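Quick note: residue numbers are just sequence positions, from 1. We count ligands from 1, going down the list as the structure has it; atoms in each ligand are counted the same way. It should be emphasised that the depicted structure is a prediction, and the values quoted were computed from it without experimental measurement.
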Amino acid sequence: DRQIAFDSLNEQVIACRKCEDIVCRRQRTVFGVGAINARVVMFGEAPGGEEDRAGEPFVGPAGQLLDKILVASGLKRPEVYIVNALKCRPPNNRTPTDAEIENCRPYFEAQLETIQPEYIVCWGSVAVRAVLGSTDSVGRLRGRFHAYRGAKVLVTYHPAYLLRTPDAKKLTWEDMK
Ligand code: URA
């Protein structure tokens with residue numbers, strides 16, 4: 001039943017044309033990937049160039065770092081679910097607007113409702129804005145659990161930020177432990 005729900009939601013995403021600035025430039029929509037009954041959802045920002053070409057989240061450089069963090073945390077990519085606030089790549093990888101996040105909200109909320117995860121990891125401030133509705137910084141929100149419906153929400157730095165700021169990797173490692 002969950003698979004049928006996801007397949008029909010994905011059809012809606014592929015047909016979606018709500019974000020004018022994005023829709024004419026996207027190559028693929030990026031629905032999400034992983035186990036439909038995952039205990040842990042990894043929640044990112046938006047597809048980048050490689051994700052836009054592949055139709056899969058976190059396959060570029062940030063995704064390679066995410067994979068390493070998963071392995072170090074004893075998790076395997078296929079056993080979690082990976083999803084972004086936006087299903088489509090914003091032009092030039094600009095930060096998603098609030099309006100774009102709201103356009104995509106019905107899709108990611110339906111996914112979280114279907115998966116019913118125990119934990120959601122918000123990678124970076126756009127994920128925080130989408131899931132928690134907060135504009136507080138990652139630095140202020142990390143280090144304790146927050147709540148989204150029935151799930152415990154952990155906030156940490158985005159892997160793309162960690163690639164630019166390797167000193168912060170130890171903080172994310174503390175969070176993942
Ligand atoms: N960054 C994200 O937040 N999500 C992706 O899918 C890729 C890069």
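Of all atoms in ligand 1, listed by their number and element, those nearer than 4.0 Å to a heavy atom of P57 are 6 (O). Per-residue contacts place G44 under 4.0 angstrom from the following atoms of ligand 1 (heavy atoms of the residue considered): 3 (O). Interface of H158 with ligand 1, defined as ligand atoms under 4.0 Å from a residue heavy atom, comprises 1 (N), 2 (C), 3 (O).
Remark: distances from the non-hydrogen atoms of G60 to ligand 1 are all 4.0 Å or more. Residue-ligand proximity: E50 is placed with every non-hydrogen atom at 4.0 Å or more from ligand 1.
Between L132 and A147 the shortest heavy-atom distance is CD2-O, 3.7 Å. Of all non-hydrogen atoms in D167 and K170, the two that sit nearest each other are O-NZ, 3.0 Å.
Regarding atom 4 (N) of ligand 1, its nearest protein heavy-atom neighbour is N84 OD1, 2.8 Å.
Ring pair Y119/F145 is tilted by interplanar angle, where 30° to 60° counts as tilted.
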How far apart are the C-alpha atoms of F43 and Y148, what are their side-chain angles, what is the distance that settles it, and do they pass the ring pair (Phe, Tyr, Trp, His ring centres under 6.0 Å) test? CA-CA 12 Å; F43 201 104; Y148 175 88; 8.3 Å; no
E109 and R149: salt bridge (Lys or Arg N to Asp or Glu O under 4.0 Å), yes or no, with the steps? CA-CA 10 Å; E109 284 194 340; R149 309 215 170 147; 3.7 Å; yes
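An N or O contact shorter than 3.5 Å is missing between G48 and ligand 1 by distance. Any N or O atom pair closer than 3.5 Å counts here, and A46 shares at least one such pair with ligand 1.
Taking CG of D98 as the reference point, atom CZ of R105 lies at 9.5 Å (rounded to 0.5 Å).
Transitive grouping of hydrophobic side chains (ILVMFWY, heavy atoms separated by less than 4.5 Å) keeps I14 and V33 in distinct clusters.
Heavy atoms of E45 found under 4.0 angstrom from ligand 1 belong to the backbone as well as the side chain.
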